[in-house]
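This report refers to the structure that appears directly beneath it.
From a predicted model like this one, the values you see are computed outputs, not experimental measurements. Naming convention: chains lettered A, B, ... in sequence-line order (proteins, then strands); numbering from 1 in each chain.
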Amino acid sequence: MQSEDMRRVPDPCGDSPFMGIYESLSAAYGPRRWWPVTPAGGVEPEYTGGPSTRIQMLEVAVGAVLTQNTSWKNASKAIANLNRAGLLNPEGLTGIDTKSLAGLIRPSGYFNQKAERIKVLAAYLSGNGRPDRDGLLELEGIGPETADSIMLYGYGELHFVVDAYTRRIFGRIGLIGGGEAYEAVQLVFESNIPPEVHVYQEYHALIVEHGKRSCTRSPDCGECVIGALCGRCGL
DNA sequence: GCCCAGGCTTAAA
DNA sequence: TTTAAGCATGGG
């Protein structure tokens, strides 16, 4: 099913600048290999290019909650703690009490909230059948970005992920207003880039990299690799 | 010490 | 329906 999505399709958006930006970011930063997961028998998540087991898919989902408004570095520490405790699996996460779980994920911040939400999420994902976006959105603490991250990176489904970096970067360029509803921004991207899981995954990861490296709160436009395309800095 | 980090929910205006 | 506060650790 996923290999169906990998075939080249004509750019549905003609001369829209979205794929040009993608190519520039890709050339500058290279493959991102997001989302990191823990190899079998390992402790730390590694950039191996995404999950390949059911346990690793669960790990992506848990990581998506842990990294909410939190650096990946801190989320990663929490994941390592769960691995060391042997709890990063359906039985482990649904079985542990909330207090103990909170203690283990402490480095990720908001640990009381996140512990509660991870248990509910693990229970949902442990059920029969494939998770879906709407099902995830009904869970406490799973909003649109988290749901889309889980579906795209965990389960290889075609949902473009919109985050604060996406709004900041493309708002500055002038391709979006910045204050639109989540789904409105998402629709802009999904109607301007080819419907391929790999492209969605890579594009979002490149946006994050760019947001961290140069399009920060106070941007370093001198180092910007897409400055020529940017309404703020390039012209 | 201050600011920020790959959100989300709830209460108040 | 929009805005603000609360959640919390760790790194620059």
> Any salt bridge between Arg133(A) and Glu157(A), counting N to O under 4.0 Å?
Replying inline: no
> Got a salt bridge between Glu145(A) and Arg167(A), using NZ or NE/NH1/NH2 to carboxylate O under 4.0 Å?
Replying inline: no
> So which nucleotide from dG7(B), dT9(B), dG6(B) ends up closest to the side chain of Glu140(A)?
Replying inline: dT9(B)
>> Using the side chain to side chain donor-acceptor pair (under 3.5 Å) definition, which of the options Glu209(A), His204(A), Glu202(A) pairs with Arg32(A)?
In response: Glu209(A)
>> Just the rounded figure in Å: distance from P of dG6(B) to CD1 of Ile79(A).
In response: 14 Å
>> Classify Lys114(A) by what it touches in the nucleic acid, base, sugar-phosphate, or nothing, heavy-atom distance under 4.0 Å.
In response: nothing
>> Can you tell me which nucleotide in dC7(C), dG6(B), dG10(C) comes closest to the side chain of Glu145(A)?
In response: dG6(B)
> In whole angstroms, how far is the P atom of dT9(B) from the CD atom of Gln113(A)?
Replying inline: 10 Å
>> Check Glu223(A) with Arg213(A), please: is the shortest side-chain N to carboxylate O separation under 4.0 Å?
In response: no
> Of Gly141(A) and Val208(A), whose nearest nucleotide on DNA chain B comes first from the 5' end?
Replying inline: Val208(A)
>> Parallel, tilted or perpendicular: which one describes the rings of Trp35(A) and Tyr153(A), with boundaries at 30° and 60°?
In response: tilted
> Looking across every strand, which nucleic acid part, if any, lies under 4.0 Å from Ser108(A) by heavy atom: base, sugar-phosphate, or nothing?
Replying inline: nothing
>> Using a strict heavy-atom distance below 4.0 Å, which residues from residues 99-107 of chain A are in contact with DNA chain C?
In response: Arg106(A), Pro107(A)
>> Measure CD/Glu116(A) against C1'/dA8(C) and give the value in whole Å, please.
In response: 16 Å
> dC8(B) P sits how many Å from Ile150(A) CD1, rounded?
Replying inline: 10 Å
>> What is the distance, to the nearest angstrom, from the CG atom on Asp220(A) to the P atom on dC4(B)?
In response: 16 Å
>> Is it the case that dG7(B) (base atoms only) and Asn69(A) (side chain only) share a donor and an acceptor within less than 3.5 Å, ignoring hydrogens and angles?
In response: yes
> Taking the side chain of Phe111(A) as heavy atoms from C-beta outward, which of dA8(C), dG7(B), dG10(C) is closest to it?
Replying inline: dA8(C)
>> What's the closest nucleotide to the side chain of Tyr165(A) if the choices are dG10(C), dG6(B), dC8(B)?
In response: dG6(B)
> Within less than 4.0 Å of OP1 or OP2 of dG6(B), is there a side-chain N or O belonging to Ser149(A)?
Replying inline: no
> Which part of the nucleic acid, if any, lies within contact of Arg32(A), taking any heavy atom under 4.0 Å across all strands shown: a base, the sugar-phosphate backbone alone, or nothing?
Replying inline: nothing
>> Measure NZ/Lys77(A) against C1'/dG11(C) and give the value in whole Å, please.
In response: 8 Å
> For Tyr47(A) and dG6(B), what is the distance between atoms OH and C1' respectively, to the nearest whole Å?
Replying inline: 11 Å
> Within the structure, does a side-chain N or O atom of Arg117(A) lie under 4.0 Å from either OP1 or OP2 of dC7(C)?
Replying inline: no
> What distance do Arg54(A) atom CZ and Glu59(A) atom CD have between them, rounded to the nearest 0.5 Å?
Replying inline: 14.5 Å
> Rounded to whole angstrom units, what separation is found between the NZ atom of Lys212(A) and the P atom of dG12(C)?
Replying inline: 12 Å
> If we take the P atom in both dA4(C) and dG6(B), what is their distance in whole Å?
Replying inline: 23 Å
> Is it true that Leu66(A) and Leu93(A) fall in one hydrophobic cluster, defined by side-chain heavy atoms closer than 4.5 Å?
Replying inline: yes
> Mind checking whether Lys119(A) and Thr98(A) have side chains closer than 4.5 Å, heavy atoms only?
Replying inline: yes
